[in-house]
Amino acid sequence: MPRVFCIANQKGGVGKTTTAINLAVALAKGGLRTLLVDLDPQCNATTGLGHKPTERHPLVIETPLREAARPTATPRLELIPGTRSFRDVAVLAQEAPHQAERIRQQLLQGFGAYDMVLIDCPPSVGQLTRTALASSSEVLMPIQCEYFAMEGLAQMIEVIRQVMHTDGCQLQFGGILLTMYDPSLELTWEVEKEVRDFFGEIVFQTVIPRDVALAEAPSHGKSVLDYAPRSRGARAYVELCMEVLERDQ
């Protein structure tokens with residue numbers, strides 16, 4: 001069975017999609033068959049890899065994932081594109097147990113062809129995020145090194161714990177990732193200390209720096225590893241990839 005990562009945080013702008021794209025590309029470049037699933041209605045993971053959002057989401061029209069998956073410019077990386085259709089977004093976010101279970105089963109049935117699966121979630125703790133969590137083996141939570149980093153974190157962790165106690169769920173806490181890291185700022189050090197003191201070894205040693213290349217890459221439909229392979233951001237995501245793989249040993 002593949003390792004399935006849910007990239008989640010209810011706050012927006014913390015680096016979820018940036019992490020989903022660049023970690024997926026790094027894993028694929030490392031030789032692993034990787035799938036990136038875009039569940040965020042903003043579809044930034046889709047456009048960030050140079051694809052267009054789909055008119056109908058495969059999870060709504062029940063298209064098998066292997067048929068819906070699109071190849072990307074990175075060998076061994078495939079994408080399930082997102083949709084901006086209000087109708088499909090409403091269906092995906094519907095708080096109906098049978099609907100959530102149907103989507104979960106569809107996801108799980110399609111994951112077997114891959115070594116690694118990453119699910120990019122919307123910035124919320126709604127049903128769509130809960131379904132993604134229930135379909136995953138690990139949750140990876142990016143936290144930005146800014147003043148409101150811990151705001152709402154307790155609610156997110158409570159949702160994760162609720163999902164963990166669901167029958168048949170295999171979810172574990174895969175790790176917390178510090179993003180927008182600027183060592184020249186005292187605030188960065190304060191946030192890092194607070195997060196590491198509270199969560200301990202769950203926090204990845206790798207940190208993602210503030211880097212203009214990370215902001216520029218999506219506008220070119222590329223990962224930072226392809227757009228600026230020698231940048232600090234690219235190096236950080238390669239290091240994160242190595243740390244993720246080491247944690248499975």
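As a basis for the values below, the full set of heavy atoms in this structure was taken, side chains included, without hydrogen atoms, waters or symmetry mates. Just so you know, residue 1 is the first one in the sequence shown, and it goes up from there.
Of the possible donor and acceptor atoms, one in the side chain of Thr46 sits under 3.5 Å from a partner among the backbone N and O of Gly82. Distance alone, capped at 3.5 Å, places no donor-acceptor pair between the Arg66 side chain and the Ala113 backbone. Proximity of a side-chain donor or acceptor of Gln106 to a complementary backbone N or O of Pro58 within less than 3.5 Å is detected. Not one N or O on the side chain of Thr54 forms a donor-acceptor pair closer than 3.5 Å with the backbone of His57. Checking side-chain atoms of Ser223 against main-chain N and O of Asp226 turns up a donor-acceptor pair under 3.5 Å. Lys29 contributes no side-chain N or O that, together with a main-chain N or O of Val238, makes up a donor-acceptor pair within less than 3.5 Å. In this structure, the side chain of Thr129 engages the main chain of Ser124 through a donor-acceptor pair within 3.5 Å. Panel note: side chain Thr18, backbone Gly15; no donor-acceptor pair is recorded below 3.5 Å. Side-chain atoms of Thr188 never come within 3.5 Å of backbone atoms of Ser184 as a donor-acceptor pair (strictly under, hydrogens ignored). Judged purely by atom type and a 3.5 angstrom limit, Thr74 has no side-chain atom pairing as donor or acceptor with the backbone of Leu77.
The side-chain hydrogen bond (donor to acceptor under 3.5 Å, both in side chains) test with Glu138 is passed by exactly one of Gln170, Gln172, Arg3, Arg247: Arg3. Paired with Tyr181 under the rule side-chain hydrogen bond (donor to acceptor under 3.5 Å, both in side chains), one option of Arg210, Arg232, Glu192 passes, and it is Glu192.
Checking Gln155 against Gln10 by side-chain atom types alone, a donor-acceptor pair falls below 3.5 Å. With 3.5 Å as the limit, one finds no donor-acceptor pair spanning the side chains of Tyr237 and Thr206. Between the side chains of Arg84 and Gln42, no donor-acceptor pair is found at a separation under 3.5 Å.
Linking Ile, Leu, Val, Met, Phe, Trp and Tyr residues whenever their side-chain heavy atoms come within less than 4.5 Å places Ile143 and Trp189 in a single cluster. Using a 4.5 Å cut-off between side-chain heavy atoms of Ile, Leu, Val, Met, Phe, Trp and Tyr, with links allowed through other members, Leu187 and Met180 fall into different hydrophobic clusters. By the rule that hydrophobic residues join a cluster once side-chain heavy atoms approach within less than 4.5 Å of another member, Val203 and Val14 end up as members of separate clusters. The hydrophobic clustering, which links ILVMFWY residues whose side-chain heavy atoms are closer than 4.5 Å, places Met156 and Phe198 together. Hydrophobic clustering keeps Val191 apart from Leu185 (ILVMFWY residues linked when any side-chain heavy atoms are closer than 4.5 Å, directly or through intermediates).
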- Given Leu59 and Leu39, is the side-chain contact (heavy atoms from CB on, under 4.5 Å) satisfied, shown in steps? CA-CA 10 Å; Leu59 293 177; Leu39 284 187; 3.6 Å; yes
- Take Thr34 and Tyr114 through the side-chain contact (heavy atoms from CB on, under 4.5 Å) test and state the conclusion after the steps. CA-CA 6 Å; Thr34 306; Tyr114 303 94; 5.9 Å; no
- Task: Take Asp120 and Thr17, measure what side chain to side chain donor-acceptor pair (under 3.5 Å) needs, and give me the verdict at the end.
- Result: CA-CA 6 Å; Asp120 186 33; Thr17 300; 2.8 Å; yes
- Determine, stepwise, if the pair Leu245 / Met242 fulfils side-chain contact (heavy atoms from CB on, under 4.5 Å). CA-CA 5 Å; Leu245 295 176; Met242 295 171 63; 5.9 Å; no
- Message: Could you go through Leu153 and Met141, starting from their C-alpha distance and side-chain angles, then the distance that decides it, and tell me whether this counts as side-chain contact (heavy atoms from CB on, under 4.5 Å)?
- Response: CA-CA 10 Å; Leu153 199 56; Met141 187 186 303; 3.1 Å; yes
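Closest approach of Leu27 and Cys241 over heavy atoms only: CD2-SG, 3.5 Å. Shown here for Leu171 and Leu133, the closest heavy-atom pair between the two residues is CD1-O, 3.7 Å. What you find for Leu108 and Ser135 is that their closest heavy atoms are CD2-O, 3.5 Å. Taking all atoms of both residues into account, the shortest heavy-atom contact from His220 to Tyr227 is CD2-CE1, 3.3 Å. Across every non-hydrogen atom of Ala8 and Pro142, the tightest pair is O-CD, 3.7 Å. The minimum heavy-atom distance between Pro209 and Ala236, with the atom names listed, is CD-CB, 3.5 Å.
The CG atom of Leu214 lies 6.0 Å from the OG atom of Ser231; values are rounded to the nearest 0.5 Å. Here the CG-CG distance, from Leu35 to Leu79, works out to 7.5 Å after rounding to the nearest 0.5 Å. The CG atom of Asp38 sits 11.5 Å away from atom NE2 of His51, with the distance rounded to the nearest 0.5 Å. Note that CG of Asp115 is 4.0 Å distant from CZ of Arg33, once rounded to the nearest 0.5 Å. To the nearest 0.5 Å, the span separating CD on Glu190 from CD on Glu146 amounts to 13.5 Å. The CD1 atom of Ile21 lies 11.5 Å from the CG atom of Leu225; values are rounded to the nearest 0.5 Å.
In this structure, the side chains of Leu49 and Val25 come closer than 4.5 Å at one or more pairs of heavy atoms. With contacts defined as side-chain heavy-atom distances shorter than 4.5 Å, the pair Phe111/Ile119 qualifies. Two residues are said to be in side-chain contact when any heavy atoms from C-beta on lie closer than 4.5 Å; Pro218 and Asn44 fail this criterion. For the pair Phe173/Val139, a side-chain contact is recorded, criterion being any heavy-atom separation below 4.5 Å from C-beta on. A heavy-atom distance below 4.5 Å is found between the side chains of Met116 and Val244. Residues Leu140 and Cys6 are not in side-chain contact: their nearest non-hydrogen atoms beyond the backbone lie 4.5 Å or more apart. Between Pro122 and Pro41, some side-chain heavy-atom pair lies under the 4.5 Å cut-off. Counting heavy atoms from C-beta on, the side chains of Pro53 and Thr83 never come closer than 4.5 Å.
No more than 12 heavy atoms of other residues, nucleotides or ligands shown are found within 6.0 angstrom of CD on Glu55. In the displayed structure, Arg161 atom CZ is contacted under 6.0 Å by at most 12 heavy atoms of other residues, nucleotides or ligands.
Salt bridge annotation for Arg70-Glu78: absent, with no cationic side-chain nitrogen under 4.0 angstrom from a carboxylate oxygen. With respect to Glu101 and Arg104, a salt bridge is recorded, a charged nitrogen being found less than 4.0 Å from a carboxylate O. A salt bridge is absent between Asp211 and Arg235; no separation between the charged side-chain nitrogens and carboxylate oxygens falls under 4.0 Å.
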